[in-house]
Amino acid sequence: MGRDTIAEIITSIRNTDMDRKRVVRIGSTNITESLVKILLREGFIENVRKHRENNKPFLVLTLRHRRNRKRPYNRNILNLKRISRPGLRIYSNYQRIPRILGGMGIVILSTSRGIMTDREAREAKIGGEILCYIW
């Protein structure tokens, strides 16, 4: 059975954010690098470094803190949700790509032109597989 690398990335980032840690380390593949570039461009990640250890590449992500540390119950958690998965693929054309929080969140899609956000896909008028929601 294969690994779902996108779900592993999302889970690692979500768990690190919930633990209020700043740094997460994930394996480096083409898919993870393109997802991380989108997260960096959209402002969910502060910094990305690429390292190699024992001839295996990995990425070190520094998460952006958007919460008040004095009040534990008023937390602004980074929300990531995997939509399409290996057992059930979800596709959409460019007209039916959902808007998350009225456009405040982003949808990441895998299209014929690579991995891109919902805004880029609507502008290019191409649809694809909905990978995840981030808000």
Side-chain angles (χ1 to χ4, degrees):
M1 187 150 197
R3 293 176 26 187
D4 187 7
T5 57
I6 298 170
E8 289 176 6
I9 296 164
I10 289 171
T11 303
S12 297
I13 293 172
R14 186 185 313 118
N15 289 344
T16 304
D17 189 57
M18 287 175 62
D19 281 346
R20 295 183 178 205
K21 295 182 181 175
R22 287 189 58 107
V23 179
V24 62
R25 181 176 154 172
I26 58 173
S28 177
T29 62
N30 290 337
I31 294 172
T32 59
E33 287 182 14
S34 57
L35 272 173
V36 167
K37 283 180 187 175
I38 289 175
L39 292 173
L40 183 66
R41 187 177 50 211
E42 294 291 326
F44 293 105
I45 294 176
E46 206 172 280
N47 190 12
V48 178
R49 292 184 312 257
K50 194 169 185 176
H51 290 284
R52 182 175 290 272
E53 189 174 287
N54 296 334
N55 206 16
K56 292 186 178 180
F58 62 91
L59 299 172
V60 177
L61 312 177
T62 305
L63 301 180
R64 184 176 305 277
H65 278 283
R66 302 179 300 149
R67 62 178 137 280
N68 186 356
R69 287 192 164 266
K70 296 177 184 174
R71 302 168 81 189
Y73 296 108
N74 190 12
R75 295 180 58 195
N76 193 5
I77 298 174
L78 175 66
N79 292 304
L80 297 110
K81 184 177 181 185
R82 176 80 157 120
I83 301 302
S84 186
R85 49 192 170 90
L88 179 65
R89 303 286 185 184
I90 306 294
Y91 297 94
S92 176
N93 62 8
Y94 77 95
Q95 296 158 335
R96 294 185 183 227
I97 297 173
R99 294 186 189 274
I100 305 302
L101 293 177
M104 296 295 289
I106 62 170
V107 177
I108 297 180
L109 296 117
S110 176
T111 66
S112 58
R113 296 187 193 165
I115 295 178
M116 61 179 62
T117 64
D118 56 339
R119 281 175 259 143
E120 294 168 345
R122 280 190 200 96
E123 187 176 294
K125 293 189 177 182
I126 55 174
E129 180 183 355
I130 299 175
L131 298 178
C132 61
Y133 297 159
I134 303 171
W135 70 96

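Only a predicted model underlies this, so the values are computations on that prediction, with no experimental measurement involved.
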Can you list the steps and then say if Ile13 with Leu63 is a side chain to side chain contact (heavy atoms under 4.5 Å, CB included)? CA-CA 8 Å; Ile13 293 172; Leu63 301 180; 4.0 Å; yes
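- Residue Ile115 is tested with Leu131, Leu109, Asn30, Ile6 for a side-chain contact (heavy atoms from CB on, under 4.5 Å); the sole match is Leu131.
- Between Arg82 and Glu8, no side-chain nitrogen of the basic residue sits less than 4.0 Å from a carboxylate oxygen of the acidic one, so the salt-bridge criterion is not met.
- The side-chain heavy atoms of Asn47 and Leu61, taken from C-beta on, include no pair separated by under 4.5 Å.
- With respect to Arg113 and Glu120, no salt bridge is recorded, no charged nitrogen being found less than 4.0 Å from a carboxylate O.
- Partner of Phe58 under the side-chain contact (heavy atoms from CB on, under 4.5 Å) criterion, chosen from His51, Arg49, Lys50: His51.
- In this structure, the side chains of Cys132 and Lys81 stay at 4.5 Å or more apart for every pair of heavy atoms.
- A 4.5 Å side-chain heavy-atom check between Ile130 and Tyr91 finds every atom pair outside the cut-off.
- Considering only heavy atoms from C-beta on, Tyr133 stays 4.5 Å or farther from Leu80 through its side chain.
- Here the side chains of Ile26 and Thr5 are not in contact, with every heavy-atom distance at 4.5 Å or above.
- Residues Ile106 and Arg119 meet the side-chain proximity criterion, which asks for heavy atoms closer than 4.5 Å.
- Under 4.0 Å is where a charged nitrogen must lie from a carboxylate oxygen, and between Glu53 and Arg25 at least one such pair does.
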